[in-house]
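Proteins come first, then strands; the chains are lettered A, B, ... in the order of their sequence lines, and each starts at number 1. The analysis underlying the following values was restricted to heavy atoms, covering all of them including side chains, and did not include hydrogens, waters or symmetry mates.
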Amino acid sequence: MSKIDFFEKVYQVCRQIPYGKLTTYGAVAKAVGSPLAARMVGWALNKSSSLENPVPAHRVLNRNGMLTGKKAFSHPHLMEELLLQEGHKIVDDIVIDFKESFWQPNILI
DNA sequence: CACTTGACGTCGT
DNA sequence: GACGACGCCAAGT
């Protein structure tokens with residue numbers, strides 16, 4: 001694929017997440033060619049709030065399916081509400097049907 | 001310019 | 001199986 005910035009890859013991958021599907025930082029990191037750079041995915045998504053074309057960051061969770069980044073949203077419960085709105089079950093900030101709704105992004109190196 | 005932090009993941013103990 | 005430490009890459013201070 002084209003040589004685009006790490007962040008832009010992250011944005012593209014996240015925008016490919018279908019409605020009602022979920023993925024992890026690690027999966028996205030792997031998709032962009034740096035499986036061990038999951039932290040950067042979170043950083044990119046945090047910065048994505050300033051983008052003109054926002055990404056569905058609420059569909060990206062950690063390996064446990066936990067809403068670790070919910071506090072980075074406008075309102076901490078926004079992420080949870082969005083996920084609930086998409087038909088997910090959340091208990092104690094953890095998506096119950098996470099593994100069932102997991103979506104593996106396409107690898108774009 | 002060097003150190004610390006940050007929405008994580010994996011390996012080792 | 002739980003807890004701790006290290007690694008990853010970039011941005012902020």
Stepwise side-chain contact (heavy atoms from CB on, under 4.5 Å) check, L22(A) with L83(A): CA-CA 9 Å; L22(A) 301 171; L83(A) 291 173; 3.5 Å; yes
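To the nearest 0.5 Å, the span separating CE on M40(A) from OH on Y25(A) amounts to 12.5 Å. Rounding to the nearest 0.5 Å gives a distance of 11.5 Å between CG of N106(A) and CD of Q12(A). Note that the CG atom of L82(A) and the NE2 atom of H58(A) stand 4.5 Å from one another [nearest 0.5 Å]. For the atom pair NE2 of H88(A) and CZ of F98(A), the computed distance is 10.0 Å after rounding to the nearest 0.5 Å.
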Nucleotide-resolved protein contact map, nucleotides 7-13 of chain B, B/S/- at heavy-atom distance under 4.0 Å: BBS----
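Contact check for S101(A) versus V95(A): no side-chain heavy atoms found under the 4.5 Å cut-off. Put simply, the side chain of L51(A) reaches to within 4.5 Å of the side chain of S48(A), judged on heavy atoms. Looking at heavy atoms from C-beta onward, V10(A) lies out of side-chain contact with W43(A) at the 4.5 angstrom threshold.
Contacts classified as salt bridge (charged side-chain N to carboxylate O under 4.0 Å, His left out) and involving residues 59-68 of chain A (residues at least two apart or in different chains) are given here: R59(A)-E86(A). Residue pairs meeting the salt bridge (charged side-chain N to carboxylate O under 4.0 Å, His left out) criterion with at least one member in residues 67-77 of chain A, sequence neighbours excluded, are K70(A)-D93(A).
A 4.0 Å heavy-atom criterion places the boundary nucleotides of DNA chain C facing chain A at dG7(C) to dA11(C), written 5' to 3'.
Look at the C1' atom in both dA7(B) and dC3(C): the space between them is 22 Å, to the nearest Å.
Between the side chain of D92(A) and the main chain of I94(A), no donor-acceptor pair closer than 3.5 Å is present.
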Per-nucleotide pairing state of DNA chain C [Watson-Crick or G-U, under 3.5 Å; [ ] pseudoknot-crossing; | other strand]: .||||||.|||||
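For the segment residues 92-106 of chain A, the set of residues with a heavy atom within less than 4.0 Å of an atom of DNA chain B is empty.
Heavy atoms only, all atoms of each residue included: F102(A) and T24(A) are closest at CE1-CG2, 3.7 Å.
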